[in-house]
Each structure stands twice: as C-alpha cells, then as structure tokens.
Amino acid sequence: MTAKIGYDEVEVGTELPAQSFPVTRATLVRYAGASGDFNPIHWNEKFAKEVGLPDVIAHGMFTMAEAIRVVTDWVGDPGAVVEYGVRFTKPVVVPNDDEGALVEVSAKVAAKLDDSRVRVDLTAMSAGQKVLGMSRAVVRLA
C-alpha cells in the first residue's frame with residue numbers, strides 16, 4: 001500500500017476527520033486475549049477499585065492504537081506512519097453497562113517536514129478529559 005494523501009495536498013493546520021471509538025468491557029476482554037495483557041485493572045472492577053482506580057480502565061496501548069486509526073484511515077496506509085508516541089495522561093474508565101466509554105479523537109497537521117513527511121498532532125478525549133498527551137505521529141505522504 002501507499003499513502004493516498006499527497007504531501008502537496010496538505011498544509012499546516014489541515015484537520016483530519018475526527019472519529020469516536022466505543023470501548024466496552026467486552027472490547028477490553030477481546031484486547032486482553034489478543035495482547036496477552038490480563039492485568040486485572042482492565043477487567044476486575046473490585047480489584048481496580050482496591051488499587052485506587054475509579055473503575056476498570058482501558059489498556060493504555062489499546063487507547064493509543066485506537067487513536068492512531070484517525071491517522072491511518074486518513075492517509076490510507078498504516079505503513080506510512082514512521083513515528084508515533086504519546087504520554088498517558090488519564091485513564092479511560094470503562095463502566096460495566098451497555099454503553100461503556102467513548103474515546104473521541106481529533107488530529108491536525110502540525111508541521112511539514114522534509115522527505116514528504118508531516119507531523120500530525122492528535123487529541124484523544126474521554127468523559128471530557130484528555131487521555132493522551134503529546135500524541136504525535138510522523139507520516140510519510142505520497
């Protein structure tokens with residue numbers, strides 16, 4: 001695959017289409033099985049509260065992976081992402097109900113770099129709180 005967005009097509013400030021990602025307890029169980037991360041803070045409400053959390057929380061790497069989907073969907077090629085990093089600022093609390101939590105992600109081109117690359121800054125929110133800080137990706141465009 002190749003990036004479907006051309007370097008000359010974007011400017012600093014170009015906004016990527018925002019997306020929202022639902023997270024339920026079932027989502028966390030599936031992710032735990034796929035990742036091998038069975039830490040009880042991600043599935044056991046009693047344990048999560050005993051260690052001081054408000055409830056079960058989503059895996060940080062899961063949250064990070066959901067957020068970058070905004071970039072990969074926009075560019076059309078996951079392989080176009082050459083760098084990606086975040087700081088985990090707040091947990092995504094996932095209540096035990098039919099709705100769970102919602103991670104809302106927006107992004108924009110923050111800088112044009114050399115070699116047809118751009119830096120994209122992402123904002124990931126859940127329950128009105130920023131859950132990822134310094135969330136940045138470098139993407140090689142067509």
Side-chain angles (χ1 to χ4, degrees), residues 1-7 9-113 115-142:
M1 294 180 78
T2 346
K4 292 179 172 56
I5 304 292
Y7 182 79
E9 297 172 43
V10 300
E11 298 299 329
V12 170
T14 299
E15 292 187 15
L16 284 60
Q19 293 187 49
S20 296
F21 304 100
V23 185
T24 64
R25 297 278 178 98
T27 307
L28 300 182
V29 169
R30 286 192 298 275
Y31 181 81
S35 68
D37 182 351
F38 295 102
N39 187 322
I41 64 173
H42 303 303
W43 57 269
N44 184 318
E45 186 173 329
K46 180 179 179 286
F47 182 84
K49 289 182 176 182
E50 284 175 354
V51 299
L53 295 168
D55 207 332
V56 164
I57 63 169
H59 303 73
M61 296 303 285
F62 171 80
T63 304
M64 188 177 174
E66 289 289 78
I68 196 66
R69 287 176 56 190
V70 168
V71 176
T72 59
D73 288 354
W74 172 70
V75 77
D77 178 9
V81 177
V82 295
E83 292 177 35
Y84 179 45
V86 306
R87 286 189 187 156
F88 300 105
T89 56
K90 298 278 185 189
V92 175
V93 178
V94 183
N96 190 19
D97 59 20
D98 293 334
E99 294 185 25
L102 193 63
V103 177
E104 300 170 290
V105 183
S106 60
K108 69 178 178 180
V109 174
K112 291 186 84 168
L113 310 171
D115 198 24
S116 297
R117 297 174 307 136
V118 295
R119 189 186 89 218
V120 177
D121 290 354
L122 297 92
T123 301
M125 306 284 290
S126 184
Q129 296 188 339
K130 194 173 189 180
V131 295
L132 299 176
M134 297 296 291
S135 185
R136 295 179 173 173
V138 174
V139 182
R140 180 166 285 112
L141 301 179

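Atom set for the values below is all heavy atoms of this structure, side chains included, hydrogens, waters and symmetry mates excluded.
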Straight-line distance of Lys130 NZ to Arg87 CZ, nearest 0.5 Å: 10.5 Å

Euclidean distance, Ser116 OG relative to Ile5 CD1, rounded to 0.5 Å: 13.0 Å

Side-chain touch Asn96/Glu45, heavy atoms, less than 4.5 angstrom: yes

Separation of Leu132 CG from Phe88 CZ (nearest 0.5 Å): 6.5 Å

Gap between atom CG of Leu16 and atom NZ of Lys108 - 0.5 Å precision: 11.5 Å

Minimum heavy-atom distance between Val92 and Ser126, given as atom pair plus value: CG1-OG, 3.7 Å

Interatomic spacing from CG in Leu141 to OG1 in Thr2 - rounded to 0.5 Å: 12.0 Å

Glu9 atom CD, neighbour heavy-atom count above 12 within 6.0 Å: yes

Heavy-atom closest pair, residues Ala58 and Val94: N-CG2, 4.0 Å

Under 3.5 Å, which donor-acceptor pairs do the side chains of residues 64-72 form with other protein atoms, sequence neighbours left out?
from	atom 1	to	atom 2	distance (Å)
Glu66	OE1	Arg69	NH1	3.0
Glu66	OE2	Arg69	NH1	3.4
Thr72	OG1	Arg69	O	3.3

Pairwise side-chain contact, Val56 with Trp43, heavy-atom cut-off 4.5 Å (strictly under): no

Under the side chain to side chain donor-acceptor pair (under 3.5 Å) test, residues paired with Asp73 that sit two or more places apart: Gln19

Reported CG-to-CD1 distance for the pair Leu53 and Ile41, which is rounded to 0.5 angstrom: 5.5 Å

Atom of Ser20, atom of Leu102 and distance for their closest heavy-atom approach: CB-CD1, 3.9 Å

Note, Arg25 side chain near Asp55 side chain (heavy atom, < 4.5 Å): yes

Residue pair Val12 / Ala110: nearest heavy atoms and the distance that separates them: CG1-O, 3.6 Å

Which residues share a side chain to side chain donor-acceptor pair (under 3.5 Å) with Thr27, sequence neighbours left out: Thr24

Side-chain touch Trp74/Val109, heavy atoms, less than 4.5 angstrom: yes

Where Lys4 and Gly76 come nearest, the two heavy atoms and their spacing: NZ-O, 3.7 Å

Exercise: identify the closest heavy-atom pair between Pro95 and Ala101: CD-N, 4.2 Å

Heavy-atom neighbours of Lys112 NZ exceed 12 at 6.0 Å: yes

Parallel, tilted or perpendicular: rings of His59 and His42 (30°, 60°): parallel

Residues in side chain to side chain donor-acceptor pair (under 3.5 Å) contact with Thr123, at least two apart in sequence or another chain: none

Residue list, side chain to side chain donor-acceptor pair (under 3.5 Å) with Asp77, at least two apart or on another chain: none

Side chain to side chain contact (heavy atoms under 4.5 Å, CB included) assessment of Phe62 paired with Asp37: CA-CA 10 Å; Phe62 171 80; Asp37 182 351; over 6 Å; no

Atom CG of Asp97: over 12 foreign heavy atoms under 6.0 Å: yes

All side chain to side chain contact (heavy atoms under 4.5 Å, CB included) counterparts of Leu113, not counting sequence neighbours: Ala111, Arg117, Arg119, Val138

